[in-house]
Amino acid sequence: GGGGGGGGGEGNSAPPPPQAAKTLGAAFATDLASRLSSAAESAGDDGRVKLQEKFETEEEEAERKRRFKEKRKNHYNEAEMMRKWRAEHANDDDDDDDDDDDGDGEG
């Protein structure tokens, strides 16, 4: 037999109290700030250049997204304009056909 052990850990699944979460969050923020500071000091100019390149890449990505959204908006505007035009000119096709037939059949 055996295999019944380990059931006592289920009682520990409750979330930590709010104060513990605040303490953990503060500790995380302090650790993160320390790591960023160390990385910046050790990176020197190379770190700044790489960071600048990353921002330029992010700016380019944002510009691509903006252009895409603009094109998508224009596409849907064109589709809406075509729907309106078709609705307004739905009877024009019939009238044009009738007018051509009437003009040729005279005489």
Side-chain angles (χ1 to χ4, degrees):
E10 292 175 8
N12 294 336
S13 64
Q19 186 58 37
K22 289 180 183 176
T23 303
L24 288 173
F28 176 77
T30 301
D31 182 53
L32 180 61
S34 173
R35 288 181 187 209
L36 287 173
S37 177
S38 298
E41 289 173 7
S42 65
D45 290 337
D46 288 344
R48 284 188 218 111
V49 169
K50 288 179 181 176
L51 189 60
Q52 183 178 4
E53 288 174 0
K54 182 177 180 177
F55 281 131
E56 287 174 359
T57 301
E58 289 175 1
E59 288 175 3
E60 290 170 359
E61 183 178 351
E63 179 63 19
R64 277 196 309 273
K65 286 182 179 181
R66 186 194 65 74
R67 285 193 306 251
F68 174 79
K69 287 180 181 180
E70 185 68 24
K71 288 179 182 180
R72 182 177 57 191
K73 183 175 120 179
N74 289 339
H75 170 75
Y76 286 118
N77 286 346
E78 289 174 4
E80 181 62 25
M81 288 170 42
M82 286 298 296
R83 271 195 295 275
K84 287 180 181 178
W85 185 87
R86 286 182 182 141
E88 293 171 359
H89 296 87
N91 295 329
D92 289 352
D93 290 339
D94 295 337
D95 292 341
D96 287 343
D97 291 342
D98 292 342
D99 290 343
D100 290 343
D101 291 342
D102 289 343
D104 292 339
E106 192 177 342

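We use all heavy atoms of the structure for the numbers below, so side chains are in, but hydrogens, waters and symmetry mates are not.
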How far does [atom1] of [X] sit from [atom2] of [Y], to the nearest 0.5 angstrom?
X: F68; Y: H75; atom1: CZ; atom2: NE2; answer: 10.0 Å
X: R35; Y: D31; atom1: CZ; atom2: CG; answer: 4.5 Å
X: R72; Y: N77; atom1: CZ; atom2: CG; answer: 12.0 Å

Q) Is it true that K65 and E61 have a side-chain N and a carboxylate O under 4.0 angstrom from each other? A) yes
Q: Using atom types as modelled and distance alone, determine if a side-chain donor or acceptor of S38 lies under 3.5 Å from a backbone N or O of S34.
A: yes
Q | Remaining members of hydrophobic cluster (4.5 Å side-chain criterion), M82 | A | none
Q. Is there a path from F28 to L36 through hydrophobic residues (I, L, V, M, F, W, Y) whose side chains come within less than 4.5 Å of each other?
A. yes
Q: Among residues two or more places apart or on two chains, list those pairs meeting salt bridge (Lys or Arg N to Asp or Glu O under 4.0 Å) that have a residue in residues 81-90.
A: E80-R83
